[in-house]
Amino acid sequence: MDDLAFQAWMQATQQQTEAALTQFLPTEDVVPSRLHEAMRYSALDGGKRVRPLLAAAAAQLGQHDADALARALAAVEMIHVYSLVHDDMPEMDNDLLRRGKPTCHVAYDQATALLVGDALQTRAFDVLSQADGLAPARVLRMVRALAVATGSEGMAGGQAIDLANVGQMLTQAQLEHMHGLKTGALIRVAVVLGGLSCPELTDAQLTQLDDYGRYLGLAFQVIDDVLDVAQDTATLGKTAGKDEANDKPTYVKLLGLNEARGYAEGLAEQAIKALSGFGPRAEILENVARYVVFRQH
Ligand code: GRG
């Protein structure tokens with residue numbers, strides 16, 4: 001697949017994600033309409049949609065169920081948006097800008113932002129649980145995988161460790177543990193959900209996908225740290241330089257800018273190697289891995 005074909009695939013998948021979110025989120029004409037409006041404001045028309053891209057790319061490895069995949073794209077992005085909305089609140093990262101527009105609590109209010117996160121989270125499981133084209137046991141596995149990745153032993157736990165570590169210098173192992181949960185767990189489960197949407201993929205194959213997701217989740221975070229230093233606010237669509245301002249431990253602090261970039265590229269190569277058993281069918285996942293480390297925002 002050449003670069004042009006991959007760009008076209010990405011664009012089509014981003015549009016598919018937008019369509020799934022548009023369909024599966026409650027509309028403003030349903031009461032409580034302000035809450036539903038704020039959920040749509042936060043989730044629609046923005047972001048790179050990296051987690052849905054990963055799920056869709058993994059689904060190309062088999063004969064995926066189209067409805068289950070559409071639900072997985074929407075569910076994983078709803079969880080991600082919930083985390084962004086809560087993370088931006090004054091009690092956490094206290095930010096005013098997200099995806100190039102005012103954060104949810106600024107555009108609405110703090111109580112609404114709390115509820116937007118809560119409601120997006122539960123909506124994600126509601127949407128995923130209705131993937132009726134797959135065997136119920138497979139759907140249950142998807143729901144549980146997403147729940148574990150999101151909770152206190154996944155993303156929320158990673159956020160708790162992050163908040164506890166402000167101002168401290170962490171070792172690389174500690175940094176990796178924290179990010180493996182905070183950012184990595186959702187990226188990892190996005191890949192696995194794509195695999196689970198293919199009924200014929202075996203547990204051994206799902207483990208290979210999980211390995212890919214583990215390496216790539218880390219690579220994603222290393223580049224997030226790099227971009228926070230190397231990129232401007234307008235390009236990022238969120239405030240640049242936040243890690244330094246908040247005295248956060250980062251890969252750039254630990255390794256330096258160029259070393260951190262090199263480390264991320266190495267991790268992406270390891271992710272790609274984990275897919276060797278799939279042969280040429282893994283081409284799109286390979287392209288997504290390169291996109292993650294060479295992205296500009
Ligand atoms: C509040 C429970 C809770 C968790 C928050 C993921 C997270 C944990 C917070 C987000 C804060 C943040 C900036 C984390 C660093 C990496 C990251 C997840 C960045 C945002 O993801 P992108 O770059 O954003 O995929 P878009 O907008 O493109 O979707």
Side-chain angles (χ1 to χ4, degrees), residues 10 13-14 17-18 21 41-55 73-74 76-105 110 113-114 116-118 120-122 124 146-166 175 178-190 216-229 231 233 235-246 248-252 264 288 291-297:
M10 279 217 315
T13 307
Q14 285 159 342
T17 304
E18 188 73 13
L21 287 166
Y41 170 84
S42 302
L44 295 177
D45 194 22
K48 299 179 289 296
R49 311 299 198 195
V50 168
R51 294 144 195 87
L53 287 172
L54 285 163
L73 302 184
V76 77
E77 187 67 13
M78 283 184 205
I79 297 285
H80 171 57
V81 173
Y82 130 64
S83 82
L84 299 179
V85 168
H86 279 189
D87 186 68
D88 287 335
M89 291 183 70
E91 294 77 4
M92 294 215 186
D93 220 26
N94 193 17
D95 218 325
L96 305 176
L97 189 70
R98 174 66 68 181
R99 295 178 164 177
K101 54 188 192 183
T103 45
C104 184
H105 67 277
Q110 287 185 38
L114 254 184
V116 162
D118 295 340
L120 282 173
Q121 179 170 197
T122 48
L146 187 60
V148 171
T150 302
S152 65
E153 292 178 80
M155 183 180 75
Q159 179 78 344
I161 297 172
D162 189 21
L163 291 172
N165 283 332
V166 172
L175 203 57
M178 187 256 287
H179 286 311
L181 298 177
K182 181 183 142 177
T183 317
L186 195 60
I187 288 188
R188 217 166 143 178
V189 80
L216 199 68
L218 208 49
F220 178 92
Q221 181 59 52
V222 177
I223 293 299
D224 192 75
D225 288 0
V226 166
L227 292 173
D228 185 70
V229 174
Q231 202 51 284
T233 297
T235 311
L236 291 180
K238 62 181 181 181
T239 315
K242 283 287 285 194
D243 293 336
E244 187 59 46
N246 290 347
K248 288 274 180 80
T250 68
Y251 284 97
V252 176
V288 178
Y291 160 70
V292 161
V293 289
F294 294 113
R295 72 190 199 270
Q296 297 303 312
H297 60 93

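As the structure is a computational prediction, the values presented were derived from the model and not from experiment. Quick note: numbers below take in every heavy atom, side chains included, and nothing from hydrogens, waters or symmetry partners. In listed order, ligands and their atoms are each counted from 1.
Interatomic distance, CG of L236 versus CZ of R99, reported as 13.5 Å (0.5 Å rounding). Remark: L120 CG to H80 NE2 distance equals 11.5 Å, nearest 0.5 Å. To the nearest 0.5 Å, atom NE2 of residue H179 and atom CG of residue L181 are 10.5 Å apart.
Each of the atoms 1 (C), 4 (C), 5 (C), 6 (C), 7 (C) of ligand 1 lies under 4.0 Å from some heavy atom of S83. If you number the atoms of ligand 1 from 1 as listed, the ones under 4.0 Å from a heavy atom of H86 come out as 1 (C).
Atom 15 (C) of ligand 1 has D224 OD2, 3.4 Å as its closest protein atom, hydrogens excluded (heavy atom only). Nearest protein neighbour of atom 27 (O) of ligand 1, counting heavy atoms only, is R99 NE, 2.9 Å. Looking at atom 12 (C) of ligand 1, its nearest protein heavy atom turns out to be D87 OD2, 4.2 Å. Of the protein's heavy atoms, K182 CE, 3.7 Å lies nearest to atom 14 (C) of ligand 1. Looking only at heavy atoms of the protein, atom 17 (C) of ligand 1 is closest to F220 CE2, 4.0 Å. Residue, atom and distance of the protein heavy atom nearest to atom 2 (C) of ligand 1 are Y82 OH, 3.4 Å.
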request  = Give the intermediate values and the outcome of side-chain contact (heavy atoms from CB on, under 4.5 Å) for residues L186 and L146.
outcome  = CA-CA 8 Å; L186 195 60; L146 187 60; 4.0 Å; yes

request  = Let me see the working for H86 and Q159 under side-chain contact (heavy atoms from CB on, under 4.5 Å), right down to the final yes or no.
outcome  = CA-CA 11 Å; H86 279 189; Q159 179 78 344; over 6 Å; no

Working for salt bridge (charged side-chain N to carboxylate O under 4.0 Å, His left out), residues D162 and K248 = CA-CA 8 Å; D162 189 21; K248 288 274 180 80; 3.4 Å; yes

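Screening D95, D88, T233 for a side-chain hydrogen bond (donor to acceptor under 3.5 Å, both in side chains) with T239, the sole residue that qualifies is D95.
In this structure, the side chain to side chain contact (heavy atoms under 4.5 Å, CB included) partners of A43, at least two apart in sequence or on a different chain, are L25, V81.
Heavy atoms of K242 come nearer than 4.0 angstrom to ligand 1 in no pair at all. In this structure, H297 falls outside the shell of residues with a heavy atom less than 4.0 angstrom from ligand 1.
Remark: ligand 1 and H80 share an N or O pair separated by less than 3.5 Å (distance only, no angle test). For K48, a nitrogen or oxygen atom sits less than 3.5 Å from a nitrogen or oxygen atom of ligand 1, counting backbone and side chain alike.
Within a 6.0 Å radius of CD in E244, no more than 12 heavy atoms belonging to other residues, nucleotides or ligands are found.
For atom 18 (C) of ligand 1, the candidate residues are R98, K238, R51; the nearest heavy-atom contact is made by R51. Of the listed options Q221, Q159, H179, Q159 places a heavy atom closest to atom 5 (C) of ligand 1.
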